[in-house]
Amino acid sequence: MIYLTQLLGNPVFDATGENIGRVNDLGIATGEVFPRVTSLAIEGPSRTPFMLSWRKYVDTYNENEVRLKVVKTDIRFSYLQPDEVLIARDLLNKQIVDTRGVRVVRVNDLKLSDTNSTQLRLLGAEVGIRGLLRALSPRLERFVLKVAKSMGKTIPEKIIAWNYMDLLDRDLSDVKLSVSHKTLDDMHPADIADIIERLDPRLRGQVFAQLDAEQKAGTMAEFDDDTIAADIMSTMNETDASQMLSEMDPDDAAELVGELDYDKAEKLLRLMGVKEQRAVRQLLGYKEDTAGRIMTSEVVELFENATVADAVDALSSLDEDFETVHYIYIKDADGRLSGVVSLNALVLADKDDHLKEIATTEDIKCASPDDDQEDVAEDIAKYNLLAMPVVDDQGHLLGNVTVDDALDVLNEEHEEDLQIAGAGHNDTSTEGRTTGDLAWLMRNEAWFFVWMLGVVIMVIVFHNTLTWYDIAIAAFCMPVAVIAGNDAAAFVAKYFLEYDPDDDDAPSTFGMVLKGVGLGFVIAVFVALLSSSILTSVLDAPAQVTLQGVGAAALSALVCFATTPIALKIVRRRDAKNLETSGTTLAVVYMLIALALFLAITICTLGL
């Protein structure tokens with residue numbers, strides 16, 4: 001076995017031993033299960049590139065060199081064929097789709113198999129850490145493996161076989177896709193959506209274009225990020241986009257149209273069929289985040305004197321793309337919802353039974369179109385329903401909210417709660433690997449960077465007016481104020497997540513002020529006692545300097561906690577407007593406020 005990174009850059013010698021260049025790339029024919037290397041790309045003298053046939057000219061190769069069968073004067077150049085790709089240019093460090101694992105990965109190296117002395121075949125892509133280490137330096141890979149082995153650990157290879165890969169990106173200046181319809185047809189729309197979301201934004205539209213109308217509709221409904229769906233929609237022509245919307249369930253289509261600008265949305269709606277357009281416009285008439293906005297109007301509703309046979313006929317006449325039916329709803333002579341028939345009850349009943357005889361008619365759990373979507377989703381989970389009917393003020397059925405939409409709502413609310421709490425979610429471009437270790441460090445250790453910012457400000461502003469000793473004492477007290485600001489932000493997030501302002505048991509603003517001031521006072525006293533004892537007894541700091549630094553930190557903590565009701569009100573107001581609030585951002589803002597307070601108090605106490 002040999003790897004591409006072990007061959008790249010190796011010298012190439014002709015039959016006489018003369019160095020004619022170095023290995024620049026390898027070409028393969030993509031039509032085989034494990035494709036043969038067909039071409040050798042060489043960078044010659046003066047960085048002149050040329051290509052020659054691997055089978056015709058290569059004699060031997062190893063990790064150090066490549067030797068040819070002929071002298072350089074007998075070499076005849078060749079050209080890349082339409083079914084060939086250069087694996088360093090077209091695969092290495094590029095995104096590929098692992099169709100077996102249904103994920104997007106980045107190629108760190110390529111594994112080759114020498115079936116005989118000269119023939120090479122591409123086995124697959126190395127997508128793990130070993131390929132990355134080997135690309136940096138084979139010695140580094142060996143060193144890390146030895147260290148891991150000494151600690152009783154192993155670092156396995158992560159190889160994806162070529163037959164489970166689809167090349168997505170040959171040249172971003174002229175993207176060509178080899179994602180076959182056969183491969184995509186075998187995937188669930190949710191898997192396709194997951195793959196497209198993980199792709200480079202420049203490739204999403206091209207991959208989406210490979211789908212047929214039905215797949216596009218199913219995939220579009222599965223996107224977790226509405227902005228991605230809207231971006232892809234903007235790349236489609238209006239006819240295709242309207243056709244796709246017609247294929248979608250009305251609630252999913254309404255959600256997507258709601259993300260578009262008014263002019264674009266109106267054009268697409270006018271191109272849709274009359275029936276589909278009316279259903280979508282009806283849902284768009286309701287406020288965002290309400291039951292009316294997420295319900296589907298595609299329900300089966302019959303009069304209560306209809307028979308089981310009538311219900312079966314109604315079900316069998318539904319279109320193939322009709323929303324999944326969980327219940328049959330029955331109405332009285334005035335058209336008001338009077339009962340719900342489960343499919344289980346329908347199957348067990350005789351065909352001549354009337355629907356009102358097998359329906360649940362008492363304590364029907366219903367929702368109003370203006371009810372908050374989160375409350376409706378929680379009720380669906382609470383009562384173990386597959387769908388909840390939505391009725392108007394007169395009791396007429398408007399539609400229902402299905403369990404899959406309820407799960408989406410609960411998941412979105414959970415993600416928002418995590419974001420406000422500061423936990424967020426891992427942004428992953430490949431499975432098991434976060435995209436930003438530095439971003440993770442910044443998010444989780446932000447107090448340290450704010451502290452360092454404060455130290456830099458202290459040094460720049462006070463280096464001529466304070467001694468270095470005084471600056472050091474102030475720098476020692478500063479992180480206490482910064483961490484108190486972080487705790488104040490956590491206190492706000494805790495209140496936001498635990499209490500709804502409309503709940504009767506929710507603490508009043510005055511109660512939160514008292515609790516915040518109380519916590520701030522306790523923290524301030526604790527900070528003053530602990531910090532002053534360390535400074536005076538351990539560091540032997542002067543009492544005046546100690547008092548100034550400790551007092552500034554304690555007062556900053558008190559002010560931060562005292563202002564938490566204001567921050568809570570801002571967060572709740574943003575939530576009412578459906579605006580996201582990052583817990584990390586809230587914490588950083590509070591830490592910067594604490595830092596500013598500390599510096600201002602320090603300036604005042606020092607008389608500067």
Side-chain angles (χ1 to χ4, degrees), residues 189 213-214 217-218 221 243 245-255 272-286 291-369 376 379-380 383-407:
E214 183 178 353
Q243 180 183 358
L245 288 173
S246 299
E247 294 282 346
M248 297 175 67
D249 294 333
D251 54 330
D252 293 327
E255 182 178 2
M272 293 174 64
V274 176
K275 178 182 176 182
E276 291 83 1
Q277 181 184 157
R278 184 185 301 113
V280 173
R281 287 189 183 277
Q282 179 186 3
L283 297 181
L284 288 173
Y286 298 107
R293 196 62 177 267
I294 63 171
M295 73 177 182
T296 177
S297 56
E298 292 186 338
V299 294
V300 178
E301 185 181 22
L302 300 171
F303 284 103
E304 56 188 11
N305 59 355
T307 64
V308 170
D310 294 331
V312 172
D313 290 340
L315 291 175
S316 62
S317 63
L318 295 177
D319 293 335
E320 184 178 340
D321 58 350
F322 195 87
E323 176 79 34
T324 302
V325 176
H326 299 290
Y327 303 103
I328 294 175
Y329 301 102
I330 60 174
K331 55 186 176 181
D332 58 21
D334 295 325
R336 291 188 294 265
L337 179 68
S338 60
V340 179
V341 179
S342 68
L343 294 185
N344 184 53
L346 189 71
V347 171
L348 296 177
D350 293 332
K351 64 179 182 178
D352 295 328
D353 289 345
H354 289 92
L355 294 181
K356 64 180 178 181
E357 298 172 357
I358 62 173
T360 299
T361 57
E362 296 182 359
D363 194 25
I364 302 174
K365 303 300 179 184
C366 298
S368 166
V376 175
D379 285 342
I380 289 176
Y383 298 111
N384 296 320
L385 302 176
L386 295 176
M388 178 175 284
V390 180
V391 297
D392 61 16
D393 295 337
Q394 288 74 42
H396 299 124
L397 183 66
L398 300 175
N400 67 5
V401 177
T402 56
V403 65
D404 55 327
D405 290 325
L407 288 174

Taking the side chain as C-beta and beyond, is there a heavy-atom pair between [X] and [Y] under 4.5 Å?
{"X": "Leu346", "Y": "Val308", "answer": "yes"}
{"X": "Met295", "Y": "Val401", "answer": "yes"}
{"X": "Leu315", "Y": "Ile328", "answer": "yes"}
{"X": "Asp405", "Y": "Asp252", "answer": "yes"}
{"X": "Lys351", "Y": "Val312", "answer": "no"}
{"X": "Val390", "Y": "Tyr286", "answer": "no"}
{"X": "Leu355", "Y": "Leu302", "answer": "yes"}
{"X": "Glu298", "Y": "Pro250", "answer": "yes"}

To check you understand the geometry: which heavy-atom pair defines the closest contact between [X] and [Y], and what is its length?
{"X": "Ile330", "Y": "Val340", "value": "CG1-N, 4.5 Å"}
{"X": "Leu245", "Y": "Ala253", "value": "O-CB, 3.8 Å"}
{"X": "Ile380", "Y": "Thr402", "value": "CD1-O, 4.3 Å"}
{"X": "Glu301", "Y": "Gly335", "value": "OE2-O, 4.3 Å"}
{"X": "Gly292", "Y": "Leu283", "value": "O-CD2, 3.2 Å"}
{"X": "Ile364", "Y": "Pro389", "value": "CG2-CG, 4.4 Å"}

Can you tell me how far the [atom1] atom of [X] sits from the [atom2] atom of [Y], to the nearest 0.5 Å?
{"X": "Asp404", "Y": "Thr296", "atom1": "CG", "atom2": "OG1", "result": "9.5 Å"}
{"X": "Glu276", "Y": "Glu247", "atom1": "CD", "atom2": "CD", "result": "8.5 Å"}
{"X": "Ile358", "Y": "Lys356", "atom1": "CD1", "atom2": "NZ", "result": "12.5 Å"}
{"X": "Leu385", "Y": "His326", "atom1": "CG", "atom2": "NE2", "result": "11.0 Å"}
{"X": "Gln243", "Y": "Glu214", "atom1": "CD", "atom2": "CD", "result": "11.0 Å"}

Could you go through Arg293 and Leu284, starting from their C-alpha distance and side-chain angles, then the distance that decides it, and tell me whether this counts as side-chain contact (heavy atoms from CB on, under 4.5 Å)? CA-CA 6 Å; Arg293 196 62 177 267; Leu284 288 173; 3.4 Å; yes

Under the side-chain contact (heavy atoms from CB on, under 4.5 Å) test, which residues partner Leu348, sequence neighbours left out?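 Here the qualifying residues are Asn344.
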
Are a donor atom and an acceptor atom from the side chains of Thr307 and Asp310 found within less than 3.5 Å of each other?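 Yes, because at least one side-chain N or O of Thr307 sits under 3.5 Å from a partner of the opposite role on Asp310.
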
Does atom [atom1] ([X]) have a neighbourhood of more than 12 heavy atoms from anything else shown, all under 6.0 Å?
{"X": "Asp393", "atom1": "CG", "result": "no"}
{"X": "Lys331", "atom1": "NZ", "result": "yes"}
{"X": "Lys365", "atom1": "NZ", "result": "yes"}

Verify, without hydrogens or angle tests, whether Asp332 (side chain) and Asp334 (backbone) share a donor-acceptor contact under 3.5 angstrom.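 Looks like yes, one N/O pair under 3.5 Å.
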
Sidechain-backbone polar pair: Asp249 side chain, Asp251 backbone, donor-acceptor under 3.5 Å: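 Checking the backbone N and O of Asp251 against the side chain of Asp249, no donor-acceptor pair under 3.5 Å is found.
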
Qualifying residues under side chain to side chain donor-acceptor pair (under 3.5 Å), relative to Tyr329, sequence neighbours excluded: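 Applying side chain to side chain donor-acceptor pair (under 3.5 Å) to Tyr329 gives Asn400.
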
